[in-house]
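Before any comments, here is the structure.
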Amino acid sequence: MASMLAFVFYPSAQKRAQAELDRVVGRGRLPTFEDQPLLPYVSAVCRELLRWHVIVPLSIAHSPTKDDIYDRMFIPKGTPMLMNAWAILHGPEVYPASDPEGFKPERFLTTEGALNDDDVQGAFGLRRRSCVRLHFANSMLWIMVASVLATFDVTKTKDGRGNEIPVDVNDSDGFVSHPLRSIVPFAQEVVKRKS
Ligand code: HEM
């Protein structure tokens with residue numbers, strides 16, 4: 001869902017990823033995992049999706065098994081603790097160069113155009129208890145994004161006069177965050193790309 005919003009709001013990122021796909025894969029087949037090393041911008045789009053719209057914004061609650069002190073704060077055993085993944089992944093200290101709220105896949109690329117070392121680990125929790133299926137989830141996200149971009153243009157819907165209908169962003173409440181489903185069929189168009 002967040003990918004559809006990102007493609008609508010940031011058409012230049014969508015076009016740049018499609019240009020990379022056209023150059024590496026061509027228009028005669030779908031991308032596969034063998035193509036992945038040659039598609040750093042598409043991979044950067046996936047990282048930016050995980051960062052820009054954090055799926056589990058407060059991660060999962062954990063609690064210490066014994067009393068602890070952290071940074072001069074006393075934390076009693078059993079205190080529920082949440083990691084603010086949204087704040088970490090939008091922190092201007094970590095993403096200073098360019099607008100942490102904006103969708104900028106190039107923040108994950110080196111000046112030579114290769115992927116940098118920031119693998120957005122925080123989106124999957126940190127350290128010992130992080131997501132056990134993060135590699136599977138990353139692969140599924142990548143193949144979905146690569147396939148959609150290879151096949152479709154995602155744009156704003158136009159009204160009867162040809163004016164774009166503004167997309168209103170509403171996110172779900174709760175443990176898992178996603179754009180609300182109702183906006184998708186009404187304000188976005190997913191059109192098969194012209195060959
Ligand atoms: C983009 C997709 C996904 C995201 C963003 C995500 C994110 C997370 C996060 C933030 C946690 C909590 C880590 C913590 O406790 O600090 C977690 C835990 C977990 N995730 Fe995922 N996850 C994703 C996909 C999946 C999938 C596809 C599976 C299974 C097929 C999965 C299975 C689990 C399990 C079993 C845990 C609990 C791990 C534990 O407590 O030891 N996740 N995930």
Side-chain angles (χ1 to χ4, degrees), residues 1-10 13-14 17 21 30-33 35-37 39-71 73 75-91 93-95 100-105 107-109 115-152 154 169-181 183-184 188 190:
M1 291 292 218
S3 60
M4 296 293 146
L5 271 191
F7 301 156
V8 160
F9 284 126
Y10 298 92
Q14 180 178 187
L21 282 157
L30 285 172
T32 69
F33 289 116
D35 302 310
Q36 196 169 4
L39 294 165
Y41 190 79
V42 174
S43 300
V45 165
C46 295
R47 289 185 184 183
E48 182 66 339
L49 283 170
L50 290 165
R51 189 204 69 83
W52 183 65
H53 200 292
V54 186
I55 296 171
V56 194
L58 291 177
S59 204
I60 292 180
H62 293 282
S63 54
T65 52
K66 52 184 185 351
D67 292 350
D68 203 355
I69 292 176
Y70 176 76
D71 203 14
M73 285 175 284
I75 304 169
K77 172 184 171 182
T79 307
M81 302 188 68
L82 294 162
M83 178 187 90
N84 191 340
W86 188 286
I88 291 170
L89 292 167
H90 289 79
E93 316 77 31
V94 185
Y95 298 100
E101 299 300 326
F103 187 84
K104 299 193 169 167
R107 69 174 97 240
F108 294 102
L109 297 176
L115 280 173
N116 65 21
D117 293 336
D118 181 354
D119 60 0
V120 212
Q121 173 70 49
F124 292 97
L126 289 175
R127 302 183 195 279
R128 275 195 301 168
R129 299 306 296 271
S130 63
C131 179
V132 287
R133 287 289 179 265
L134 90 91
H135 298 296
F136 172 73
N138 267 327
S139 297
M140 290 303 106
L141 177 66
W142 189 88
I143 202 72
M144 186 277 287
V145 165
S147 302
V148 167
L149 287 172
T151 320
F152 299 108
V154 185
V169 182
N170 270 312
D171 284 334
S172 63
D173 294 327
F175 157 67
V176 172
S177 171
H178 58 85
L180 288 175
R181 208 179 141 67
I183 63 167
V184 174
Q188 285 170 261
V190 181

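Every number for a ligand or one of its atoms is a count from 1 in the order of the listing. Keep in mind that what you see is a predicted model, and the values were worked out from it rather than measured. If you read the sequence from its start, that first residue is 1, and numbering goes on from there.
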Exercise. Heavy-atom count around Phe136 CZ within 6.0 Å, excluding the residue itself: above 12?
Worked result: no
Exercise. Donor-acceptor pair, His90 side chain versus Trp52 backbone, under 3.5 Å?
Worked result: yes
For this session: Report yes if some heavy atom in the side chain of Ile88 is under 4.5 Å from a heavy atom in the side chain of Gln121; otherwise report no.
Result: no
Exercise. Can you name the side-chain hydrogen bond (donor to acceptor under 3.5 Å, both in side chains) partners of Gln14, sequence neighbours left out?
Worked result: none
Problem set entry | Side-chain touch Ile75/Asp67, heavy atoms, less than 4.5 angstrom | no
Seminar exercise, completed: Listing protein N, O or S under 2.8 Å around atom 21 (Fe) of ligand 1 gives Cys131 SG
Exercise. Atoms of ligand 1 less than 4.0 Å from Phe136 heavy atoms?
Worked result: 27 (C)
Problem set entry | Nearest non-hydrogen protein atom, atom 41 (O) of ligand 1 | Arg129 NE, 3.0 Å
Exercise. Can you tell me the protein heavy atom closest to atom 5 (C) of ligand 1 and the distance?
Worked result: Ala123 O, 3.5 Å
For this session: Could you list all the salt bridge (charged side-chain N to carboxylate O under 4.0 Å, His left out) pairs where at least one residue sits in residues 48-57, not counting sequence neighbours?
Result: Glu48-Arg51, Glu48-Arg107
Exercise. In the protein, what heavy atom is nearest to atom 1 (C) of ligand 1, and what distance, to one decimal place, separates them?
Worked result: Ile55 CD1, 3.6 Å
For this session: Pick, from Ile60, Leu49, Leu50, the option with the minimum heavy-atom distance to atom 12 (C) of ligand 1.
Result: Ile60
Problem set entry | Heavy-atom check, side chain of Leu109 versus side chain of Leu115, under 4.5 Å | yes
Seminar exercise, completed: Numbered in order shown, the ligand 1 atoms found under 4.0 Å of a heavy atom of Ser59 are 10 (C), 12 (C), 13 (C), 14 (C), 16 (O)
Exercise. With Ile55, which residues qualify under side chain to side chain contact (heavy atoms under 4.5 Å, CB included), at least two apart?
Worked result: Leu50, Val176
Problem set entry | Smallest separation among heavy atoms of Pro64 and Thr79, with atom names | CD-O, 3.3 Å
Exercise. For ligand 1, which atoms have a heavy atom of His62 less than 4.0 angstrom away?
Worked result: 14 (C), 15 (O), 16 (O)
